Colleague: 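The structure follows.
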4 protein chains.
Amino acid sequence: MAKVVDESKLLRIKEASIELVVQKGYGGASISAIAHQAGVAVGYLYRFYDSKYALVSDLLDDKIKNIAGQLEAMMPKCSTILQLITLLVNYFFELALHQPHHMRFIYTLINDYRFSISIDQHQRIHSLCRQLLHIGKETREIAPTYTEEEIYLMTVIYPVQFINVRFKALFCTQVLSETDKERVVSLCMGALKGASL
Amino acid sequence: MAKVVDESKLLRIKEASIELVVQKGYGGASISAIAHQAGVAVGYLYRFYDSKYALVSDLLDDKIKNIAGQLEAMMPKCSTILQLITLLVNYFFELALHQPHHMRFIYTLINDYRFSISIDQHQRIHSLCRQLLHIGKETREIAPTYTEEEIYLMTVIYPVQFINVRFKALFCTQVLSETDKERVVSLCMGALKGASL
Amino acid sequence: MAKVVDESKLLRIKEASIELVVQKGYGGASISAIAHQAGVAVGYLYRFYDSKYALVSDLLDDKIKNIAGQLEAMMPKCSTILQLITLLVNYFFELALHQPHHMRFIYTLINDYRFSISIDQHQRIHSLCRQLLHIGKETREIAPTYTEEEIYLMTVIYPVQFINVRFKALFCTQVLSETDKERVVSLCMGALKGASL
Amino acid sequence: MAKVVDESKLLRIKEASIELVVQKGYGGASISAIAHQAGVAVGYLYRFYDSKYALVSDLLDDKIKNIAGQLEAMMPKCSTILQLITLLVNYFFELALHQPHHMRFIYTLINDYRFSISIDQHQRIHSLCRQLLHIGKETREIAPTYTEEEIYLMTVIYPVQFINVRFKALFCTQVLSETDKERVVSLCMGALKGASL
DNA sequence: TATGAATGAGACTTCATTCAT
DNA sequence: CATGAATGAAGTCTCATTCAT
């Protein structure tokens with residue numbers, strides 16, 4: 001019973017943290033603002049996390065875990081890179097649609113020097129990229145010169161950057177559409193296939 | 001009679017700022033640390049910049065100006081996207097080689113919610129992307145479905161992200177090589193050409 | 001469960017602020033000195049006031065409110081200016097006797113360009129002066145040429161200045177006495193009655 | 001020749017100081033702003049004054065000297081308090097009209113704990129008040145109970161406060177007129193004559 | 001268990017003063 | 001003489017963290 005209450009409070013803390021980090025940046029999201037928005041006491045927060053850094057770090061790790069988990073779950077269902085990328089891009093677009101804060105959260109922190117992907121998650125992603133590369137080279141969807149780096153950049157970084165360039169409305173103020181999704185998939189596929197110079 | 005502003009001091013302030021922002025992030029790079037590293041008094045910084053934000057903002061703007069300037073200078077010399085992307089990627093690699101801090105600086109701040117590209121620079125970049133798109137569609141190097149967004153993402157964001165994934169040694173600990181450069185160009189070209197789904 | 005704001009601390013902050021502003025002036029009374037003297041942490045002050053200015057401003061407003069409140073309370077009890085001025089001068093002398101710092105505080109800030117009486121308090125005082133003027137002209141205690149300005153200057157400014165000239169011991173080092181009080185009342189009455197030139 | 005240049009520069013420094021202290025207060029009037037407005041270098045200022053405090057202190061002393069000088073010059077020409085007060089109030093009104101900054105300057109600093117009238121000037125003023133008191137008691141224009149304190153408060157402080165209440169437009173937005181001057185003189189005379197309680 | 005009052009280190013910024021030119 | 005670049009102490013304010021209740 002008490003557990004249920006706790007879980008809901010923890011969830012509110014997580015949501016409030018993500019929202020405020022997105023709105024005000026890591027430095028601007030104060031613990032007291034987070035606690036206030038979550039409807040808990042400041043001290044309560046420290047029952048779960050040792051520090052503000054640990055809190056945000058943990059949330060980022062969660063998000064990365066989800067992405068890796070998605071890829072891992074998709075892997076056995078797909079036999080081509082196209083299928084996999086389609087599913088993954090779909091996942092990112094769904095995230096952007098239903099939890100835009102979470103998408104911005106990833107985008108905000110993924111390049112921040114202070115936060116880095118944990119070794120565990122990094123290894124999972126590394127392994128996934130290796131598998132993708134292996135499949136892609138078999139199916140000739142990925143040019144032989146490319147490595148895990150390109151897989152990572154095109155399947156994770158590119159969709160995230162695309163979505164956030166759109167969020168920022170740098171070039172286009174339209175909301176994300178099915179066509180955009182297709183364009184992202186198409187560009188990824190073209191990219192990995194390589195150019196016939 | 002009147003003393004002249006010591007240009008070398010200003011330069012040292014700029015270098016120290018870039019270095020520390022890269023190492024510790026915007027929030028972590030304190031004015032006193034910057035002044036100390038630059039070998040000037042804290043107050044001296046404020047002769048040139050109204051605030052810490054203005055200082056970092058101005059430095060970022062400089063970097064963006066350089067990139068836009070490079071592209072603008074290259075444009076008249078090239079008739080194909082391949083040539084242009086080759087030159088641009090070359091520019092980014094040179095920057096990464098000779099001024100790695102500056103490259104990391106761009107990477108660190110380009111996605112930071114607190115800093116945004118000034119309207120002037122944004123318009124320049126927008127216009128450049130439009131021209132690139134126009135040329136590319138003429139030469140059939142760019143798929144007809146793509147827009148300025150994709151140009152920007154693949155010619156600016158992708159090279160920057162590639163270099164920084166390498167800096168972080170996420171997948172590969174080798175230093176940037178000529179081969180890497182070719183791989184970046186090749187991937188860009190393939191990406192913009194589009195996939196024949 | 002929830003801790004209660006320690007009223008005594010707030011009181012100490014107020015007292016320390018008044019004392020230090022009096023001793024060192026607004027600029028000279030640093031927040032850290034005030035906090036130290038009040039025996040609280042620097043940051044604690046900011047739980048109650050947004051800024052140093054807001055703190056001092058609020059204290060001044062309080063004092064002005066008290067004076068206006070005194071006058072308002074006295075008004076219905078008196079039918080002559082003499083009675084009113086006697087009570088008011090008495091109030092100022094009591095303040096000077098029991099809370100000399102507070103009296104000096106008013107004196108220090110009342111002419112400071114940075115601080116001004118709030119509109120609310122100004123209107124109260126204006127209205128009070130108008131009433132006094134009305135009564136005084138009925139009872140012929142105030143010369144017909146005088147206006148609210150003279151009322152204000154003689155009933156508020158003069159007693160405050162008298163007390164503070166004494167505090168400064170410019171001409172006399174005696175402590176304030178009953179005779180002084182009578183002299184102030186007498187001078188005010190004479191002043192407002194006007195001279196038969 | 002060189003002396004002339006210096007004198008004009010010094011004058012400009014003095015004027016700029018008074019103007020800026022009036023506009024921004026002592027703390028807000030920075031040395032560099034004063035130097036800029038005076039059209040001299042910051043360092044030049046320190047040839048004449050040891051510190052910012054010494055500068056402002058000296059200017060205040062000048063103003064007080066002028067007032068004392070005026071009174072001293074008037075004294076032999078007058079045989080009644082009325083004549084003296086008329087001349088003195090006239091002097092204050094002329095100052096307010098032609099050099100309002102200077103009048104505000106006196107007003108701003110006269111109550112400031114940091115600045116006090118120098119012993120020399122204080123003694124001059126004390127002596128003048130004594131003489132005035134003596135004359136007034138002879139001519140029966142000043143009530144026998146009053147002392148130098150009342151003389152000082154009514155002949156110096158009151159006119160200054162009157163003018164500044166008007167400057168602040170607390171009760172009246174009219175500019176100072178001949179009638180106002182008469183009212184001030186009349187009130188002073190009435191005040192010093194005392195009330196027949 | 002849960003609270004939030006209280007802390008204080010440390011951030012940014014200002015500006016009186018100095019001194020090499 | 002005159003300048004103004006350079007200094008750095010000191011000020012205000014913030015906020016992650018603690019701990020008595």
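Each chain gets a letter, A, B and so on, in the order the sequences are listed, and its residues count up from 1. Just so you know, these numbers come straight off a predicted model, no measurement behind them.
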Colleague: Taking for each residue the nucleotide of DNA chain F with the nearest heavy atom, is it C/Tyr53 or A/Ser30 whose nucleotide lies nearer the 5' end?
Modeller: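 Closest to the 5' end, via its nearest nucleotide, is C/Tyr53.
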Colleague: Can you sort out the partners of A/Arg47 under side chain to side chain donor-acceptor pair (under 3.5 Å), two or more places apart, ordered by chain and number?
Modeller: none
Colleague: Check whether any side-chain nitrogen or oxygen of D/Tyr46 sits under 4.0 Å from OP1 or OP2 of E/dT17, and answer yes or no.
Modeller: yes
Colleague: Counting Watson-Crick and G-U wobble pairs with both distances under 3.5 Å, what is the dot-bracket string for DNA chain F, 5' to 3', using [ ] for crossing pairs and | for pairs to another strand?
Modeller: .||||||||||||||||||||
Colleague: On the ring face of D/Tyr44, is D/Lys9 found with NZ or CZ under 6.0 Å from the centre and within 45° of the axis?
Modeller: yes
Colleague: State whether a side-chain donor-acceptor pair under 3.5 Å links B/Lys52 with B/Tyr46.
Modeller: no
Colleague: Return yes if a side-chain donor-acceptor contact under 3.5 Å exists between D/Glu15 and D/His102, otherwise no.
Modeller: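 On atom types as modelled, these side chains qualify, holding a pair under 3.5 Å.
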Colleague: Quick one: do D/Asp120 and D/Lys65 make a salt bridge, cutoff under 4.0 Å?
Modeller: no
Colleague: Specify the separation, in whole Å, of atom CZ of A/Arg47 and atom P of F/dA16.
Modeller: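 A/Arg47 atom CZ is separated from F/dA16 atom P by 20 Å.
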Colleague: For DNA chain F, what residues of residues 31-42 of chain D have any heavy atom nearer than 4.0 Å?
Modeller: D/Ala41, D/Val42
Colleague: Mapping A/Gly43 and A/Tyr26 onto DNA chain F by nearest heavy atom, which one lands closer to the 5' end?
Modeller: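 The residue mapped nearer the 5' terminus is A/Tyr26.
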Colleague: Aromatic rings A/Tyr26 and A/Tyr53: how do their planes relate, parallel, tilted or perpendicular, breaks at 30° and 60°?
Modeller: perpendicular
Colleague: Using a heavy-atom cut-off of 4.0 Å across all strands, would you classify A/Ala54 as base, sugar-phosphate, or nothing?
Modeller: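 Since no nucleic acid heavy atom lies under 4.0 Å of A/Ala54, the category is nothing.
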